[in-house]
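All residue numbers in this chain count up from 1 along the given sequence. No hydrogens, no waters, no symmetry mates; every other heavy atom, side chains included, goes into these values.
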Amino acid sequence: MTESRVQVELSGPIAHVRLNRPDKLNGFDLELIGELIAAGRRIAADRDVRVVVLSGNGRSFCAGLDFAAAFKDKKRVARMFFAGPRRANDFQRVNEVWRSLPVPVIAVVHGHCFGAGLQLAANADFRFTTPDAKWSILEAKWGLVPDMGGTVPFSELLRTDVLMRLALTGDVFSGQEAGELGLATGVSDDPHAEALALAERIIARSPDSVAATKRLVLQTRRGSVREAFRLERRLQSRMFKSPNTAIARKAGSAGTEPEFGPRTVD
C-alpha cells in the first residue's frame, strides 16, 4: 500500500499536518495535491481542531511542483487546471483551502520553500523559518507565473516592487531574508518550537473569537470601511451569543483557565 503523502496527527486541539514525500523534497504531485485538499476539508469540518501546524518531513518543507511526476497524466492535469466557472481550480484550491480554514494555520519552513511550496506557506496565517532555508517564487525559472493561489497573500505581505522583483527573477533568498522582507513571521533555529509556542497561546483563547477574528482580518483587507464595520457588527453579535464567550468571561472574572467547548463559528 502506498504511504500517505499527507500525514495528519491530532494532538488535542492542534492538528499537525506534514507533507510526506521526503525523497522528492515534498514536491507536489497530483496525489499530494488531492490529499492536501482532502486534509484541509477534514480539518475544516472538525470543530475540535483549533490550530494547524503545517510542515514537511525530511530535508525540506516543499521544493515546489514535481513536474516530472505531475505531467505523467496530462489529461488529468488538464481536468484539474481547466475547472470551468468555479472560483478556483485544484491547483489553486490546494493552497487556498488552508487560507480559508476557520482556524489559524502556522507553517514551519526548513530546507526548500520553492514555487508551489512558497504559495502554500504564504496562504498560512503565520510562517516560521530557519535562517538558512531557501525560498523562491520559482515559477519564473520555468517561464511561468505563480498560479497556485499565491498572488493574493504575496500582495498582502510584500511591497509591489519587491514582489515584482522576486516573481520576475525567481531569485533564491534565505529564510533570514524572508523575515526581513516580511514574508516570514519569525526566524529561528527551531521554528517548530516557535510555532508550537504560538499555537499554545492561540488555544488559550475562545475558538469562536479566534475563528471570527481570522475572518474579520482577512475579509476587511480590501473592502470598504462600511463593509468592514458591517462585518464587525455581525461577528460581534455572534460572539455575544457564543457559549465560549460566556466561558471566557467567567474564567477571566474568576482568574481561572477557561475550558472551551467545540468551535461554533465557521
Side-chain angles (χ1 to χ4, degrees), residues 6-20 22 26 36 39-40 43-44 46-62 95 97-113 117-118 120-135 153 156-157 173-218 244-245 247-248 251-252 255-263 265:
V6 178
Q7 297 175 337
V8 179
E9 177 187 349
L10 299 181
S11 178
I14 302 175
H16 296 272
V17 179
R18 302 180 183 91
L19 306 184
N20 189 42
N26 296 318
L36 205 49
I43 289 170
D46 188 339
R47 293 183 178 273
D48 291 322
V49 172
R50 290 162 57 190
V51 66
V52 174
V53 176
L54 179 62
S55 62
N57 287 334
R59 295 185 292 118
S60 288
F61 174 68
C62 176
N95 293 325
V97 67
W98 302 98
R99 177 182 174 92
S100 64
L101 281 183
V103 299
V105 179
I106 308 171
V108 179
V109 173
H110 73 293
H112 301 83
C113 185
L118 179 45
L120 173 61
N123 276 287
D125 301 292
F126 307 95
R127 289 151 295 282
F128 291 96
T129 180
T130 60
D132 60 349
K134 296 179 180 179
W135 294 53
E156 294 169 348
L157 295 166
F173 52 100
S174 69
Q176 185 67 47
E177 292 173 291
E180 294 167 0
L181 291 171
L183 267 177
T185 307
V187 181
S188 170
D189 290 331
D190 190 353
H192 195 261
E194 297 287 335
L196 289 179
L198 177 57
E200 291 294 336
R201 292 172 63 190
I202 290 170
I203 64 176
R205 303 304 180 192
S206 164
D208 293 337
S209 67
V210 167
T213 299
K214 175 174 176 176
R215 183 193 299 181
L216 182 64
V217 170
L218 292 182
N244 284 312
T245 299
I247 292 170
T256 58
E257 291 295 322
E259 295 185 9
F260 294 112
R263 170 175 50 84
V265 176

Practice task
Before giving the answer on side chain to side chain contact (heavy atoms under 4.5 Å, CB included), spell out for H112 and C62 the whole-Å C-alpha distance, their side-chain angles and the decisive distance to 0.1 Å.
Solution key: CA-CA 6 Å; H112 301 83; C62 176; over 6 Å; no
Approximate separation, where rounding is to 0.5 Å, of [X] [atom1] and [Y] [atom2]:
X    : Y    : atom1 : atom2 : value
H110 : S55  : NE2   : OG    : 8.0 Å
T185 : R127 : OG1   : CZ    : 4.5 Å
L36  : L54  : CG    : CG    : 7.0 Å
L218 : R99  : CG    : CZ    : 5.0 Å
R215 : S100 : CZ    : OG    : 11.0 Å
W98  : N123 : CH2   : CG    : 11.5 Å

Problem - Side-chain donor/acceptor of R50 to backbone N/O of A211, under 3.5 Å - result: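 It does not hold such a pair.
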Practice task
Please answer whether the main-chain N or O of G111 pairs with a side-chain N or O of S60 as donor and acceptor at a distance below 3.5 Å.
Solution key: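 Here the side-chain-to-backbone pair does not exist.
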Handout entry: Which residues share a salt bridge (charged side-chain N to carboxylate O under 4.0 Å, His left out) with R47, sequence neighbours left out
Key =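 For R47, the residues satisfying salt bridge (charged side-chain N to carboxylate O under 4.0 Å, His left out) (neighbours in sequence not counted) are D266.
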Practice task
Starting from the C-alpha separation in whole Å, work towards a yes-or-no answer on side chain to side chain contact (heavy atoms under 4.5 Å, CB included) for E9 and R18.
Solution key: CA-CA 9 Å; E9 177 187 349; R18 302 180 183 91; 3.2 Å; yes
Going by side-chain hydrogen bond (donor to acceptor under 3.5 Å, both in side chains), name the residues that satisfy it together with [X], two or more places apart in sequence or in a different chain.
X    : result
Q176 : none
W135 : T129
E257 : none
K214 : D125

Closest non-hydrogen atom pair between [X] and [Y], with its separation:
X    : Y    : value
D208 : P262 : OD1-O, 4.4 Å
H16  : I14  : NE2-CG2, 3.7 Å
P207 : G261 : CG-O, 3.6 Å
L19  : N26  : O-OD1, 3.2 Å
C113 : A121 : SG-CB, 4.1 Å
G182 : L157 : O-CD2, 4.0 Å

Exercise for the section: List the steps, then state whether side chain to side chain contact (heavy atoms under 4.5 Å, CB included) holds for F61 with L120. Expected result: CA-CA 10 Å; F61 174 68; L120 173 61; 3.9 Å; yes
Student check: side-chain heavy atoms of [X] and [Y] closer than 4.5 Å:
X    : Y    : answer
V51  : V103 : no
F128 : V109 : no
V52  : I106 : no
P13  : D48  : no
V53  : V105 : no
P22  : R59  : no

Problem - V187 and T130: CA distance, side-chain angles, deciding distance, side chain to side chain contact (heavy atoms under 4.5 Å, CB included) verdict - result: CA-CA 6 Å; V187 181; T130 60; over 6 Å; no
Practice task
Would you mind checking if E177 and K134 are paired as a salt bridge, meaning a charged N to carboxylate O distance below 4.0 Å?
Solution key: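 Looking at K134 and E177, the cut-off is not met.
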Atom pairs and distances, side-chain donor-acceptor, residues 188-200, under 3.5 Å, sequence neighbours left out:
unit_1, atom_1, unit_2, atom_2, d
S188, OG, D190, N, 3.0
S188, OG, D190, O, 3.4
D190, OD1, A193, N, 3.2

